[in-house]
Every structure is written in C-alpha cells, then in structure tokens.
Amino acid sequence: MSTRYNFRENEGRWQTAWEKALIYKARETTPKYYILEMFPYPSGRLHMGHVRNYIIGDVFARYKRALGYSVLHPMGWDAFGLPAENAAIQHGIHPKTWTLKNVRLMKEELQSLGISYDWSREILTCSPDYYSQEQKIFLDFLKEGIAYRKESFVNWDPVEGTVLANEQVIDGKGWRSGAPIERRKLSQWFLKITDFAEELLNDLFHLDHWPAQVKTMQINWIGRSEGARIQFPLIENQKILDVFTTRPDTIFGASFIGISPDHPFIEDLAKTSPALQTFIAECRALGTSQKDLETAEKKGFNTGLTVNHPFLKDHALPVYVANFVLMDYGTGVIFGCPAHDARDYEFAVKYNLPILPVVKGLSAEPLPYEGEGILMNSNFLNGLSVEEGKKEIISLLLKKKLGRPEVSYKLRDWGISRQRYWGCPIPIIHCSTCGTVPVPEDQLPVQLPEDVFFDQPGNPLDLHPTWKYVTCPSCGRTAERETDTFDTFMESSWYFARFCSPRSSLPFEKEKAEFWMPVDQYVGGIEHAILHLLYARFFTKALRKCGYWTLSEPFKNLLTQGMVCHETYRDQAGSWLSPDEVEKRNGDFVKISDNSPVKVGRSEKMSKSKCNVVPAAKIIEEYGADTARLFMLSDSPPERDFEWTEAGIEGSWRYINKLWRLVTSHASSVKETDVPSVFTERALDIRKLTHRTIFHVTQDIERFHYNRYVARLRELSNALEVFTPVDSSEIWAFQEAIHSLVLLLSPALPHLTEALWAELGHPPFVVNQPWPQADPAFLKEDKVILTLQVNGKKRGTIEVSADLSENEAKAIVLDLPSIQSHVQDKTVKKFIYIPGKIANVVL
RNA sequence: GCGGGCGUGGUGGAAUUGGUAGACACGCCAGACUUAGGAUCUGGUGGCUUAUGCCGUGGGGGUUCAAGUCCCUUCGCCCGCACCA
C-alpha cells in the first residue's frame with residue numbers, strides 16, 4: 001500500500017464514474033434545492049476567483065444532495081462580450097471561434113475540479129438557441145411598454161466605440177476601458193427599470209438572506225427621496241418652470257432658480273443667444289470624474305428672466321443656467337436656497353445673491369447649515385420644525401395648485417443598445433414608412449451573420465454588405481435592420497430561468513421554472529452587487545408583468561465571496577514580478593534570474609497587471625483538485641478575502657496524505673460488525689467526539705463556516721491518529737468515527753473520499769450516501785469544566801457534573817483551597833453560577 | 001461629503017444569548033527517525049516574568065460579578081456612491 005495518495009489516477013477515474021452514473025442529473029422531485037454560482041465569461045482560462053466561487057457552491061450542493069434534496073446545480077457560459085471582438089481585431093480570430101475555444105478549455109478545467117454540475121443543462125448565451133429566446137423576451141417587453149426607444153444623451157466610450165449604461169460608468173470612466181466618458185445624443189433602446197423602482201426598493205427589505213452591504217448599495221443606487229414639485233411661473237412669458245426639491249420648507253430662503261444647461265427650455269433659449277450657446281458648450285466640456293467635480297467651480301449664466309415666488313407677492317427670483325444642475329435628476333430645475341445648501345451657497349457668494357437663513361439650529365450654526373432646526377424668517381412657517389414645515393408647505397401648494405408631493409429616484413432607465421457585433425441582435429426593423437417595426441416572432445431568431453470583418457472602425461453589422469437590408473414586415477418596402485446589439489448584461493439577467501428548461505422552444509417553461517425558482521442559494525462576487533444583481537431582479541419582475549411566471553425575486557439566499565489575493569513582488573526597477581520569478585532565501589525574497597533583492601508588496605487581488613496570478617490549471621496539475629479545494633475552504637471564511645500562499649497549498653496537500661494514511665492503514669481492521677452492547681470509556685469518548693463533530697460540522701456548513709468545518713474534522717482525525725483500539729467496542733467506535741470522517745469530508749474532498757470509501761470495502765458511491773446524523777445522547781454533557789473566578793478573575797477550573805445545583809456548586813467551590821486562599825476572612829457578597837460555564841465568587 | 005464594513009499572536013483565522021481569548025492551521029524553535037521525502041513522528045510556541053503571577057482583542061472612557069462581544073469617544077484601514085437639489 002502506498003503512503004502517498006495518487007490523485008492523478010483517482011480524480012479522473014471518479015469524475016468519469018460520476019458522469020457515467022448520471023449522479024448529478026437534476027430531477028424534478030421534492031424537496032428541491034437550486035444552487036447557482038454566477039456563470040463565467042469565457043475569457044480563456046479559469047482563474048482562482050472562479051475556482052473559489054465554484055468550490056463554495058459545490059460543497060453546499062453536495063451537502064444538500066446528501067441530505068436528500070433534489071439539487072439543481074447547473075453551469076453555462078456568459079459568452080457575448082467585448083474581449084471576443086478585441087481578439088478578432090488584434091489576432092484576426094473570429095469572435096465565435098475564440099469564444100468556443102475558450103469555452104472548451106475552461107470546461108475541461110472546470111471538470112477537472114470535480115464540481116457536481118448537471119452538464120446536460122449547459123447553456124451558451126452566444127448560441128441562437130439562447131439569444132433567440134432573449135429576442136422573444138424583448139418583443140414581449142416592447143408589447144408591455146417595458147422597452148422603448150428614445151433620443152437622449154448617452155455615455156459614449158470612445159475607446160470601445162459604444163454606449164454604456166450608467167451602471168457601467170465608474171468615476172466618469174468606462175468600466176472596462178477606463179476611458180473618460182463623453183456625452184452624445186443618440187437614439188437608443190431603453191428598458192423601463194424606473195417603473196419598478198419602488199418595488200425593487202421595497203422588496204429589498206424582504207431579502208432577509210442577502211448581505212446587508214449589497215442591499216445598502218442597491219438602496220443607495222435606487223436613491224429614493226421624498227420631496228415636492230413646485231411650479232414657478234416665469235414673469236416674462238407664460239411658461240412654467242417645474243422644480244423638484246426635498247426641502248420645500250426652505251422656500252422663503254430661495255434666492256434664485258437654477259436650470260440645467262441640458263434642459264429643453266434652455267435649448268430653445270440658446271437659439272437666439274450665442275453667449276448662452278458658448279456657456280452650454282463650456283458646461284458640456286467639463287469632465288465628470290471625481291477630480292473634475294471636486295475642483296469644478298460653480299458657474300452660472302443669468303438669463304435675465306425672472307419667476308414669481310409662490311408665497312411672496314412681488315418677489316421675483318432671477319433665473320440662472322447653472323452648471324451644477326443635472327438634467328438627469330428631478331426636473332432639471334432647482335430653487336437655490338444658499339443659507340441651507342452648500343452648492344447654492346457657493347453659487348450665491350459668487351453671483352452676489354441674497355443669503356437668508358430660514359432654519360435655526362441648536363446653536364449659532366455657520367452657513368450653509370443643512371441640519372435640523374426651527375424655521376424662521378419664513379412668514380407663516382415660523383416656529384415650525386423642518387419636518388412640520390415640509391408638511392405645511394406641501395398642503396398649501398396643493399391648495400394653491402402650485403405643487404404637490406413627489407418622490408424622486410436616482411435610478412435611470414437602462415440603456416441597452418450597444419454598437420457592437422458580438423452580442424444579441426435587437427429584433428427591430430426600421431422602415432421609412434412604418435417607423436420601428438418589431439421582427440415578427442415567426443421570423444426569429446435574427447441571427448448574427450458570421451461573414452463579418454473587423455478591419456475598420458465601427459460596428460461590423462452596420463458595415464456588412466447585405467445583412468441589414470430587408471423588407472419591412474408590415475408594408476413590404478425596403479427597410480433596414482437595427483444594427484445595434486444588446487448590452488451583454490441582458491443575457492445574465494434571465495439565464496437562471498433558462499437553466500430550469502434549457503432546451504425549451506420558449507425562453508423557459510413556466511411550470512419547470514416555478515418548480516425550481518427561486519434560486520435557493522446564489523454565490524458570486526461582490527462586484528456584481530449593483531449591475532447584475534439589480535438587472536436580474538428587474539428582469540424577474542418584468543417577466544412577471546409579461547405573464548412568464550408569478551415570481552418577484554430570483555435569489556433567495558445570496559453569498560458574496562471575497563477576492564482571491566496574493567502577495568505582490570517588484571524588482572529593483574519597480575517592475576512587477578510573478579511568484580514564479582522569485583524565491584525565498586534566508587527569509588528574504590530574491591529574483592531567481594539574477595539574485596537581486598525583491599520588494600514584497602501587500603497582498604492584492606490576483607491580477608495580470610500586478611503579476612500575482614497563480615493559474616488554476618497549474619495547481620490542479622501539481623496538487624490535484626482536492627488539495628486545491630481543501631485549501632480554498634480551510635483558511636478564510638467565504639465572504640472574506642482569501643490569501644493564496646504556497647505554504648497553505650502545501651499544508652493542504654500534507655493533510656490529504658495524512659487522511660489517506662489514517663484510513664488506509666486501518667482499512668483492514670475496520671469491519672462491519674454488530675453494535676457492541678457495552679462500550680469502554682475510551683470507546684465512548686471517541687463516539688462522543690464523532691457525534692459532536694457531526695453536529696457541529698452540519699451547523700458550520702449550513703452557515704458557510706467552511707474554515708471551521710475543516711478545523712473540526714482535523715480535530716477528529718487528530719484524535720483518531722493517536723487512538724489505538726484494543727477491544728471490539730473500541731474497534732466499533734473507531735470504525736464509526738472513520739466512516740463519519742469520510743462522509744463528512746465528502747462535500748469538500750469528493751475524489752479522495754470516494755477512494756477512501758472504496759478502501760473501506762464499500763461499493764460506489766460515497767457521494768450517494770446519506771449525511772450522517774448526530775445521536776443527541778452524545779451531545780449532552782455529563783461532566784463539564786467549570787471556570788472558577790474570584791471577583792471576575794480566573795482562579796482555576798474544576799470538573800463537575802453538568803447538573804450540579806447552585807448550592808452544591810457554592811459548597812464545593814468555596815471549599816477549594818485555591819479559592820479559600822483568595823477569600824480568606826472576607827465575606828462572600830455574591831455567588832454567581834452559570835451551569836456548565838462559570839462560578840464567580842464576589843467579595 | 002454620504003453610506004457600509006473591518007481592526008484579535010510572527011501569519012490566516014476561532015470564540016451561541018456578554019461567561020476559560022487565541023480552536024484549527026501556516027510559520028518558527030527543539031528533538032527523533034530515515035530507504036534524504038513534496039517526507040514522517042514527538043514536544044514547544046501571545047507578551048512580561050521566571051513556577052506565583054501580572055499584562056494582553058487599534059487607543060481612551062463607561063455599563064456589568066464578568067466585555068473581543070454592549071454603550072460613548074478617538075485613531076487607522078478597506079469598499080461603494082457622489083454637484084442627486
């Protein structure tokens with residue numbers, strides 16, 4: 001027998017055996033459990049972040065299977081996206097070829113990890129099978145008024161040559177290219193996510209098993225504010241300016257009106273004013289990055305127009321075009337109250353506008369003061385609190401028909417048009433007579449042409465010689481196809497539903513989807529807290545509106561895993577070095593090639609740019625999947641960042657072999673026999689440890705405390721290593737322990753435990769064995785260790801029976817010499833006794 | 001600026017309702033064994049003291065018989081959003 005576990009032979013063997021036996025095929029039987037990890041973009045190779053994601057999910061899927069659940073655990077490929085097009089441009093490979101090659105490579109790697117996927121449900125979003133269904137969904141959205149087209153300012157990424165959604169603009173830059181975003185006016189398709197803003201917000205409060213951080217981020221993103229809409233009639237003409245404000249109570253402190261340079265009213269005004277045109281151009285040239293905004297000066301353009309104050313007769317307010325007023329939020333018009341708003345204050349100082357305080361804080365607060373207080377200088381509002389003032393002014397506005405309460409959101413509609421080739425074609429035809437005509441359902445899918453070229457800038461679909469020229473489905477005249485494709489976040493917004501019936505000729509079958517959905521456990525990176533997780537929630541509700549199902553929320557439990565990090569290294573010149581290029585010698589790192597000293601940086605998320613990536617394939621090749629799995633599980637809890645270390649993977653490898661030796665060296669002596677009628681004390685101790693381990697491990701897995709799960713099993717195996725059974729009851733107890741150990745480890749180390757199960761003389765598969773049950777008789781303590789304290793300080797411990805009464809405890813404890821020496825002749829004021837925990841003598 | 005999170009040995013991290021701080025590992029130290037291995041086994045490992053203790057969960061204060069845990073305050077780090085009226 002070998003003392004070294006041969007993972008190379010075992011892992012492949014068991015993977016094939018599982019596949020042949022259709023072990024992981026999901027069937028519609030109850031109780032069901034749907035566990036899903038965010039599917040990957042096929043970028044080329046599996047990285048450690050993927051590996052961690054899938055292992056976290058797999059342990060849980062395997063555990064639930066062992067508990068008897070019918071588990072749906074599918075995998076697929078989020079296969080549309082820009083990198084494929086970049087590969088085409090740079091290397092002349094067709095995006096489809098590039099993508100399919102990557103899918104093949106990554107699938108191989110995934111399979112070598114031994115994840116329990118039902119591969120028969122695999123989906124590929126770039127195949128017409130999938131995207132034709134997405135086109136169907138879009139047409140339904142169109143019918144329901146959820147999809148619409150409008151001309152608007154959009155975020156234009158000059159590097160990618162496409163439009164981006166608001167969610168994809170990070171700090172004024174493209175989320176992928178990092179290029180400063182430009183504003184362009186284009187005709188684009190949008191989804192009315194704002195119609196669902198209230199529901200998307202309210203339902204967050206029922207997602208009890210989502211991380212608070214993700215919910216908070218979504219709450220902030222949706223950005224609900226309550227306030228009022230107030231009309232300000234222009235004195236010079238009959239037009240009315242609508243203002244949204246959250247501080248209607250400060251109306252008497254208003255000293256000007258600010259309008260966004262992008263407001264339609266201003267566009268009209270600019271037609272006759274070159275000076276205003278210049279001002280608007282200046283505003284638009286201003287960047288939107290953090291630095292730009294921090295250093296940007298408040299600037300205004302006095303239109304010369306004025307409005308009446310709604311509550312003060314003959315009190316005119318000047319109307320400025322102001323660069324800090326956003327067209328995107330509220331109505332694009334504000335009233336400026338300089339005393340109680342920092343921006344208005346800065347603006348008023350610059351343009352010499354009145355600054356009238358109308359809110360008195362607790363003490364003499366410096367202006368601008370934005371806090372709570374009592375209203376003053378406010379006519380009939382004087383003496384009211386801010387909150388009371390808001391209510392009062394709103395009811396008066398209603399009475400005078402000058403305004404009403406209003407709720408405003410930061411959330412914008414989702415722009416889904418992209419000027420790219422490698423995406424789902426938008427099933428629309430533009431006809432000069434009929435306008436935008438949906439492609440009739442029987443003509444779907446609108447298939448991506450494959451004969452495209454990437455040798456010139458612009459969208460290859462638009463440049464294709466024939467593809468876009470069609471006849472109008474409604475009038476039969478020549479017309480043109482929409483050449484934009486969908487944002488790739490569309491595919492990931494409903495894939496979880498497709499998995500329920502992946503080969504259906506509908507997007508998904510209602511019955512199947514309602515059987516499996518919601519996803520019971522979703523696992524993925526925190527980076528999707530807003531984008532993907534918000535879009536998926538929106539789609540679920542939009543699909544409900546279209547009658548696809550009755551579901552409102554797609555993901556019941558959400559786990560956001562931390563990043564996989566690694567130390568970073570730089571050479572003397574400051575260039576990044578990969579872990580392969582450095583070596584530790586006498587405690588210091590040196591560059592292997594020339595022995596020069598290496599600067600060790602902090603541990604950071606594995607990334608190509610910092611050269612601190614450890615390829616998953618290399619680790620599986622060198623140590624095997626189970627070693628990688630064990631290491632990923634044992635050090636940090638899943639939600640936290642994980643630090644990849646060479647020492648850590650080595651340690652896991654050693655433990656795998658330790659387990660192999662422990663089980664195989666006893667395999668022959670461990671045989672099925674009847675339960676002994678009498679157990680020795682030592683046998684009972686081992687049984688107690690076994691059953692407690694079962695109990696705690698079960699709890700740990702349920703709560704995703706995987707690091708503790710591993711620690712408990714190490715404790716059990718440590719105890720078994722030094723235990724030599726001498727009579728039949730001890731052999732029986734030992735056997736029970738070994739079997740439990742193998743069964744409990746099976747979700748984490750599926751290959752090794754199959755091999756051990758076979759070594760123990762069992763037929764396959766350990767993966768089909770039920771989860772061990774803890775015998776409650778062994779969970780009860782009969783003897784406990786009581787901590788003894790005098791005045792709250794630990795003065796020793798004592799073993800006592802668990803059901804000791806307070807009086808008995810008091811008698812025993814006060815009699816102890818170690819306690820007596822502290823008590824001496826002092827009186828005992830109090831005796832605190834927490835059974836099984838503590839006895840505290842207070843003097 | 002707004003919102004959220006975190007801070008425990010040399011390191012990753014344990015620690016129901018407040019109840020033995022440091023489980024389990026990594027690393028390190030000492031030893032054993034050897035067919036010299038990707039070993040293995042045994043013992044030790046918070047600090048200061050030197051066999052009795054004292055101090056220890058970023059700092060300061062508080063509540064309590066008892067605080068890593070609760071409250072106040074302060075410092076540091078990380079993440080998200082941000083001219084949102």
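The chains referred to below are lettered A, B, ... by the order of the sequence lines, with proteins before strands, and numbering in each begins at 1.
Between B:rC65 and A:R795, no contact under 4.0 Å exists linking OP1 or OP2 to a side-chain N or O.
By the ring pair (Phe, Tyr, Trp, His ring centres under 6.0 Å) test, A:F695 pairs with no residue at all, sequence neighbours left out. For the ring pair (Phe, Tyr, Trp, His ring centres under 6.0 Å) test, no residue two or more places apart in sequence or in another chain qualifies with A:F232. By the ring pair (Phe, Tyr, Trp, His ring centres under 6.0 Å) test, A:Y709 pairs with no residue at all, sequence neighbours left out.
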Compile the donor-acceptor pairs under 3.5 Å between side chains in residues 245-255 of chain A and protein atoms, sequence neighbours left out, one pair per line.
from, atom 1, to, atom 2, distance (Å)
A:T245, OG1, A:R247, N, 2.9
A:R247, NE, A:D249, OD1, 3.2
A:R247, NE, A:D249, OD2, 3.3
A:R247, NH2, A:D249, OD2, 3.1
A:T250, OG1, A:R247, O, 2.8
A:S255, OG, A:P354, O, 3.0

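Of the candidates B:rU40, B:rG13, B:rG37, B:rG13 carries the atom nearest the A:P637 side chain, counting heavy atoms from C-beta on.
Looking at heavy-atom distances under 4.0 Å, A:V325 makes contact with a base.
Among residue pairs with one or both ends in residues 325-337 of chain A, those qualifying as side-chain hydrogen bond (donor to acceptor under 3.5 Å, both in side chains) are A:S225-A:Y329; sequence neighbours excluded.
Of the C1' atoms belonging to B:rA25 and B:rU52, the separation is 33 Å, rounded to the nearest Å. Rounded to a whole angstrom, the distance from the P atom of B:rG44 to that of B:rA39 is 23 Å.
Between the side chains of A:S634 and A:N707, not a single donor N or O lies within less than 3.5 Å of an accepting N or O.
Using a 90° window around 0 for the glycosidic torsion, B:rG9 falls inside it and is classed as syn.
Nucleotide B:rU42 forms a pair with B:rA30, judged by Watson-Crick or G-U wobble geometry with both contacts under 3.5 Å.
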Restricting both atoms to N or O, compile the protein contacts to nucleotides 21-30 of chain B shorter than 3.5 Å, with distance only.
from, atom 1, to, atom 2, distance (Å)
B:rA23, O2', A:E715, OE2, 3.4
B:rA25, OP1, A:N718, ND2, 2.7
B:rG27, OP2, A:R654, NH2, 3.4

